[in-house]
Amino acid sequence: MKKMRVNIRAVVLMSLSLLLAGCAASQRAEKAGGRLHQVGLVWLKNAGNEEDQRRVIEAVHAFGKNIPEVKHAHVGRTDGVGGAFSDASYDVCFILSFDDEAARLRYNENPVHLKAAKEVFLPLSRKLLFYRFAGE
């Protein structure tokens, strides 16, 4: 039972942090008139585990298919090529596109997203990192 409370708390904290961090990006996206894009990087607890990678990839594809606010969803595994200016230490990367910040916030509360966060991303991930940018 205690583990369930931690997962729910983590979902709430993740949603809140995404909400707060997205405010500045949404203002820039609205000024630029472009879409808002969110890049997600996932480091798995079991790094390189193909089954865990597959589950994350399927979850992102489900966002694109089942959440109307997600206009485009691109996802894949690292190509493993690192360098001085390239980090290949993550397992899965994805990009989600939204019309605006309001759409991104609705996505955050969508049951498909919340279920994936609780059942896939949080249990399987060692680290999650998100970047947002406004299309120009």
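- The backbone N or O of A103 lies less than 3.5 Å from a partner atom in the side chain of D100, making a donor-acceptor pair.
- V56 places a side-chain heavy atom less than 4.5 Å from the side chain of L44.
- Using the six-membered ring where Trp is involved, W43 and Y90 have ring planes that are perpendicular, over 60° apart on the 30 and 60° scheme.
- Side-chain contact between F98 and L105: absent, with no pair of heavy atoms (C-beta onward) separated by less than 4.5 Å.
- Looking at D99 and R35, a side-chain N of the basic residue comes within less than 4.0 Å of a carboxylate O on the acidic one, giving a salt bridge.
- Contact annotation: the side chain of L36 approaches that of E101 to within less than 4.5 Å [non-hydrogen atoms, C-beta and beyond].
- Taking each heavy atom of P123 and A117 in turn, the nearest pair found is CD-O, 3.8 Å.
- Taking all atoms of both residues into account, the shortest heavy-atom contact from P68 to N66 is CD-O, 3.6 Å.
- Taking 4.5 Å as the limit, some side-chain heavy atom of C93 sits within range of a side-chain heavy atom of V39.
- The main-chain N or O of V42 is never found under 3.5 Å from a side-chain atom of K127 such that the two would form a donor-acceptor pair.
- The distance from the CG atom of D87 to the CG atom of L41 is 7.5 Å, given to the nearest 0.5 Å.
- Side-chain contact between R132 and R104 is present, with at least one heavy-atom pair separated by less than 4.5 Å.
- Using bins of under 30°, 30° to 60° and over 60° for the plane-to-plane angle, the ring pair H113/F63 lands in the tilted bin.
- In this structure, the separation between CG on N49 and CG on D52 is 4.0 Å, given to the nearest 0.5 Å.
- Nearest heavy atoms, G82 versus A88: N-CB, 3.9 Å.
- The main-chain N or O of Q53 is never found under 3.5 Å from a side-chain atom of D91 such that the two would form a donor-acceptor pair.
- Nearest heavy atoms, A73 versus L96: CB-CD2, 3.7 Å.
- S86 places a side-chain N or O within donor-acceptor distance of the main-chain N or O of V81, the cut-off being under 3.5 Å.
- Look at R55 and E58 and you find no salt bridge, because none of the NZ, NE, NH1 or NH2 atoms lies under 4.0 Å from a carboxylate O.
- One finds the OH atom of Y131 at 13.0 Å from the CD1 atom of I95 (value rounded to the nearest 0.5 Å).
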Please walk me through it: do H74 and F94 pass ring pair (Phe, Tyr, Trp, His ring centres under 6.0 Å)?
CA-CA 5 Å; H74 304 280; F94 60 91; over 10 Å; no

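- Summarising the local packing, CD of E51 is surrounded by more than 12 heavy atoms from other residues, nucleotides or ligands at distances under 6.0 Å.
- Contact detail for G40 and F130: the closest heavy-atom pair is CA-CD2, 3.8 Å.
- K115 NZ: 12 or fewer foreign heavy atoms inside a 6.0 Å radius.
- Distance CG/L124 to CG/N46: 8.0 Å, rounded to 0.5 Å.
- The NZ atom of K65 sits 7.0 Å away from atom NE2 of H61, with the distance rounded to the nearest 0.5 Å.
- Between I57 and R77, the closest side-chain pair of non-hydrogen atoms falls below 4.5 Å.
- Side-chain contact between Q38 and Y107: present, with at least one pair of heavy atoms (C-beta onward) separated by less than 4.5 Å.
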